[in-house]
Protein chains: 2
Amino acid sequence: MQIGETAAAAGMTAKTLRFYEDSGLLPPADRTPNGYRSYTRKTVDRLEFIRRGRAAGLTLAQIGDILSVRDVGQSPCVHVQDVLAMRLSNLDAQIAELAALRDTVAEMLGTAVAGDPAICDPARICSYL
Amino acid sequence: MQIGETAAAAGMTAKTLRFYEDSGLLPPADRTPNGYRSYTRKTVDRLEFIRRGRAAGLTLAQIGDILSVRDVGQSPCVHVQDVLAMRLSNLDAQIAELAALRDTVAEMLGTAVAGDPAICDPARICSYL
DNA sequence: GTGCACCTTCCCCTAAACTGGAAGGTCAAG
DNA sequence: CTTGACCTTCCAGTTTAGGGGAAGGTGCAC
């Protein structure tokens with residue numbers, strides 16, 4: 001597949017794929033004789049993984065860490081285990097943090113819905129937030 | 001109050017206040033005869049509102065929308081509800097993605113632990129770390 | 001009258017994750 | 001043979017939320 005088709009399949013632009021290659025999230029693409037990048041279905045899978053990570057609010061660097069561990073397969077390497085364990089606890093911490101924020105926002109929203117808009121005092125802005 | 005004192009009262013820096021003024025989140029400050037910006041307690045309230053919004057993960061643009069609705073004399077409550085509801089559903093989606101990713105990583109870790117660490121070649125497998 | 005801590009504007013810098021555009025190569029269709 | 005849709009590299013700009021630091025004014029204490 002050419003870059004545009006691959007990008008479209010993953011819901012991205014060709015620019016983004018080149019950017020990911022430069023950033024090390026994608027390995028240097030195979031080239032056809034004319035110099036065009038050539039991709040396979042596996043690239044689309046990888047891009048979708050990246051997209052899900054981005055949707056989860058991970059940085060490209062964090063996603064890259066996970067991918068690079070994934071790239072060595074199911075290696076029994078102790079260091080890989082360490083990295084994975086660390087990623088896992090980072091993820092747990094991040095989830096806990098977001099969950100706490102979620103509760104805070106839900107509470108703000110609860111207050112907002114419970115309040116009578118007519119009573120909202122413009123001078124104090126809005127006491128919900 | 002001078003800018004530094006006001007900023008400190010809101011847990012911010014003077015730079016941030018000037019930036020908020022430039023960004024339209026604060027109205028152009030009153031000036032003392034010597035040209036210094038002069039603030040009142042109301043400014044601190046506004047800054048604290050901004051800080052709470054930021055803590056909830058709202059962008060300055062979203063906070064600015066809420067403030068500008070209030071600034072034309074309308075109660076921003078309904079708008080605040082909308083923004084908070086949207087933020088809440090963003091958070092839920094983000095948490096769900098992170099949880100799915102967490103499972104993936106946990107599974108990778110399970111596979112890694114199942115292997116035999118003794119056959120790990122640190123020079124080859126872990127060189128990218 | 002000199003420090004010192006404030007304040008002012010101005011402009012540049014940061015990181016992350018792209019996006020746009022220029023200048024040019026490739027290829028199938030009409 | 002040319003048009004149009006692709007592709008290539010490279011360089012530059014955008015956005016978010018400020019931070020750094022220069023060059024200079026102000027005001028109070030000693």
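Everything numeric in this text was worked out from a predicted model, so none of it was measured.
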K.L.:
Restricting to pairs with a member in residues 6-17 of chain A, which pass side-chain hydrogen bond (donor to acceptor under 3.5 Å, both in side chains), not counting sequence neighbours?
P.N.:
Thr13(A)-Thr16(A)
K.L.:
Tell me every residue that passes side-chain hydrogen bond (donor to acceptor under 3.5 Å, both in side chains) with Thr32(A), counting only those two or more places apart in sequence or in another chain.
P.N.:
Asn34(A)
K.L.:
Please report the interatomic distance OG1(Thr43(B)) to CZ(Arg46(B)), rounded to the nearest 0.5 Å.
P.N.:
8.5 Å
K.L.:
Within residues 91-99 of chain A, find the residues that approach DNA chain D with a heavy atom at under 4.0 Å, and present them sorted by residue number.
P.N.:
none
K.L.:
Just jot down the salt bridge (charged side-chain N to carboxylate O under 4.0 Å, His left out) partners of Glu48(A), sequence neighbours excluded, or say none.
P.N.:
Arg41(A)
K.L.:
What's the spacing between Ser89(B) OG and Leu109(A) CG if we round to 0.5 Å?
P.N.:
10.5 Å
K.L.:
List the steps, then state whether side chain to side chain contact (heavy atoms under 4.5 Å, CB included) holds for Tyr39(B) with Ile3(B).
P.N.:
CA-CA 7 Å; Tyr39(B) 296 103; Ile3(B) 194 172; 3.7 Å; yes
K.L.:
Output side-chain donor-acceptor pairs under 3.5 Å for residues 58-66 of chain B, partner residues at least two apart or in another chain, one line each.
P.N.:
{"from": "Thr59(B)", "atom 1": "OG1", "to": "Ala61(B)", "atom 2": "N", "distance (Å)": "3.4"}
{"from": "Thr59(B)", "atom 1": "OG1", "to": "Gln62(B)", "atom 2": "N", "distance (Å)": "3.1"}
{"from": "Gln62(B)", "atom 1": "OE1", "to": "Thr59(B)", "atom 2": "N", "distance (Å)": "3.0"}

K.L.:
Pick the nucleotide of DNA chain D nearest each of Pro33(B) and Thr59(B); which residue has the one closer to the 5' end?
P.N.:
Thr59(B)
K.L.:
If we ignore hydrogens and angles and just use 3.5 Å, is the side chain of Arg52(A) paired with the main-chain N or O of Leu101(B) as donor and acceptor?
P.N.:
no
K.L.:
Would Ile95(B) and Leu88(A) show up in the same hydrophobic cluster when neighbours are defined by side-chain heavy atoms closer than 4.5 Å?
P.N.:
yes
K.L.:
Nearest-Å distance, CG (Asp30(A)) to P (dC7(D))?
P.N.:
16 Å
K.L.:
Quick one: salt bridge (charged side-chain N to carboxylate O under 4.0 Å, His left out) partners of Asp92(A), sequence neighbours excluded?
P.N.:
Arg102(B)
K.L.:
With the side chain counted from C-beta on, respond yes when Arg70(A) and Phe49(A) share a heavy-atom pair under 4.5 Å apart, and no when they do not.
P.N.:
yes
K.L.:
Anything under 4.0 Å to a heavy atom of chain A counts; send over the first and last such nucleotide of DNA chain C, read 5' to 3'.
P.N.:
dA17(C) to dC27(C)
K.L.:
Short of 4.0 Å, heavy atom to strand atom, which residues of residues 10-22 of chain A count as contacting DNA chain D?
P.N.:
Lys15(A), Arg18(A)
K.L.:
Return no unless some side-chain N or O of Gln2(A) is found under 4.0 Å from OP1 or OP2 of dC7(D).
P.N.:
yes
K.L.:
Using C1' atoms of five pairs at each end, report the bend of the helix from dG1(C)-dC30(D) to dG30(C)-dC1(D) rounded to 10 degrees.
P.N.:
30°
K.L.:
CG of Leu91(A) to CG of Leu98(A): how many Å apart, nearest 0.5 Å?
P.N.:
11.0 Å
K.L.:
Can you pull out the residues from residues 36-52 of chain A that lie within a 4.0 Å heavy-atom distance of DNA chain D?
P.N.:
Tyr36(A), Arg37(A)
K.L.:
Scan the side chains in residues 21-31 of chain B for donor-acceptor partners under 3.5 Å anywhere in the protein, sequence neighbours excluded, and list what turns up.
P.N.:
{"from": "Glu21(B)", "atom 1": "OE1", "to": "Arg37(B)", "atom 2": "NE", "distance (Å)": "2.9"}
{"from": "Ser23(B)", "atom 1": "OG", "to": "Phe19(B)", "atom 2": "O", "distance (Å)": "2.6"}
{"from": "Arg31(B)", "atom 1": "NH1", "to": "Gly35(B)", "atom 2": "O", "distance (Å)": "2.9"}

K.L.:
Starting from Leu67(B), can I reach Leu17(B) by hopping between I/L/V/M/F/W/Y residues whose side chains sit under 4.5 Å apart?
P.N.:
yes
K.L.:
Using OP1 and OP2 only, check whether a side-chain N or O of Asn34(B) sits under 4.0 Å from dG25(D).
P.N.:
no
K.L.:
Going by salt bridge (charged side-chain N to carboxylate O under 4.0 Å, His left out), name the residues that satisfy it together with Arg18(B), two or more places apart in sequence or in a different chain.
P.N.:
none
